[in-house]
Amino acid sequence: MIYTVTLNPSVDFVTRLDALVPGTVNASREECLSVDGRALTISRILHTLDVPTTATGFIGGQTGSYVEDILEEEGILNDFIRVKNNTRLNMTLWINGVETRISGHGSDISEPEVNDLLYYLSRIREGDYLVVAGSLPQNLNESIYERMFDIATVNGAAFLPIVETSAMQNQLRRKPLLITPNCDDLAELFDKDVVTQQEAIGYAKELRKRGAQNVLVDLEEDGSFFVTQGAVFQADGPQLPVVSSDYANMAHIAGFIGNYMRTNEAKKAFPAAQGCANATFAAETLPSRDSIVKHSAAVKIHRIE
């Protein structure tokens, strides 16, 4: 089983207006409501690929119930820890084509609630995968990552720390299955102003030396590099115009882990990762299974070393 953990999910409200006049009633032209969270996105793509996944993390209040309802409607297994306060509500205003975002505060998570999540995760075993992705609730610090990945390591499960660069770097000693930095992340990790695509491979190799089993360098629309044991590969990005890049990084991860779970071969999982990302570039939100299959079959992989 692949367990995905979203510590700080959200319900996102998007509305479009021709103009905003403060202090008056403003009529919306269009609005929509959706759920968001990086690990939730991974679970949703895995479900599209018919890969078993369970979404967990913290939810609370009516907004948390909405998250559960949407996942239930989509047929995605979920088992969240209920917390006292509401799951955060984000708002995006599009006013005459200009975007303004308001990020909700979200729940403060108590220590007993943290312990409930850790107890739940203690069920994972060898052969399972733990994917932790997304932001932290405002009152928690990176120590929760240490505690979750300790459980995975002790229980023999593979894990993927899709978290802030500082927290990810601290997990390299535990030999994570996959990390997915982009060039900006590499610059931060190695204290550089800029890391070019040409330099990225060398830094990815260094991250493998420090413990990561596989490093996928996300080059966004230009594709990706993949550094694994004994080889370095490059994959081409989307060949068609990009519709949206919002979920492409999460698609990389879902495509990789979904294929790796079936084959246990990182080299075979890399083309599936890029294919899933390319399908996501071509979609307004998340891609269909048919689109993922089509784009995966068209991915071009080049061995560099």
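Numbers here simply count residues along the sequence, with the first being 1.
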Would you be so kind as to tabulate the donor-acceptor pairs closer than 3.5 Å made by side chains of residues 153-168, with sequence neighbours excluded?
{"unit_1": "Thr153", "atom_1": "OG1", "unit_2": "Phe149", "atom_2": "O", "d": "2.8"}
{"unit_1": "Asn155", "atom_1": "ND2", "unit_2": "Ser122", "atom_2": "O", "d": "3.1"}
{"unit_1": "Asn155", "atom_1": "ND2", "unit_2": "Ile124", "atom_2": "O", "d": "2.9"}
{"unit_1": "Glu164", "atom_1": "OE1", "unit_2": "Tyr145", "atom_2": "OH", "d": "3.1"}
{"unit_1": "Thr165", "atom_1": "OG1", "unit_2": "Glu188", "atom_2": "OE1", "d": "3.2"}
{"unit_1": "Thr165", "atom_1": "OG1", "unit_2": "Glu188", "atom_2": "OE2", "d": "2.7"}
{"unit_1": "Ser166", "atom_1": "OG", "unit_2": "Glu142", "atom_2": "OE2", "d": "2.9"}

Counterpart residues, salt bridge (Lys or Arg N to Asp or Glu O under 4.0 Å), relative to [X] (two or more places apart):
X      : answer
Lys268 : Glu265
Glu305 : Lys205
Arg82  : Glu68

Restricting to ring-ring contact (aromatic ring centres under 6.0 Å, His included), what partner residues turn up for [X], sequence neighbours left out?
X      : value
Phe281 : none
Phe270 : Phe226
Tyr203 : Phe190
Phe58  : none

>> Walk me through whether Arg101 and Glu99 qualify under salt bridge (Lys or Arg N to Asp or Glu O under 4.0 Å).
In response: CA-CA 7 Å; Arg101 294 187 180 185; Glu99 182 182 23; 2.7 Å; yes

>> Per the ring-ring contact (aromatic ring centres under 6.0 Å, His included) rule, what does the pair list look like for residues 3-51, sequence neighbours excluded?
In response: none

>> Just checking Arg29: does its CZ atom have more than 12 heavy atoms from other residues, nucleotides or ligands closer to it than 6.0 angstrom?
In response: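 Atom CZ in Arg29 is packed in, count exceeds 12.
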
Would you be so kind as to tabulate the donor-acceptor pairs closer than 3.5 Å made by side chains of residues 89-98, with sequence neighbours excluded?
{"unit_1": "Asn90", "atom_1": "OD1", "unit_2": "Gly104", "atom_2": "N", "d": "2.8"}
{"unit_1": "Asn90", "atom_1": "ND2", "unit_2": "Ser10", "atom_2": "OG", "d": "3.4"}
{"unit_1": "Asn90", "atom_1": "ND2", "unit_2": "Asp12", "atom_2": "OD1", "d": "3.3"}

Report, one line per pair, each donor and acceptor closer than 3.5 Å where one atom sits in a side chain of residues 282-293; sequence neighbours left out.
{"unit_1": "Ser288", "atom_1": "OG", "unit_2": "Ser291", "atom_2": "N", "d": "3.1"}
{"unit_1": "Arg289", "atom_1": "NH1", "unit_2": "Leu49", "atom_2": "O", "d": "3.1"}
{"unit_1": "Ser291", "atom_1": "OG", "unit_2": "His295", "atom_2": "ND1", "d": "3.3"}

>> Tell me which pairs pass salt bridge (Lys or Arg N to Asp or Glu O under 4.0 Å) where either residue lies in residues 103-114, with sequence neighbours left out.
In response: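 Residue pairs passing salt bridge (Lys or Arg N to Asp or Glu O under 4.0 Å), neighbours aside: Glu111-Arg147.
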
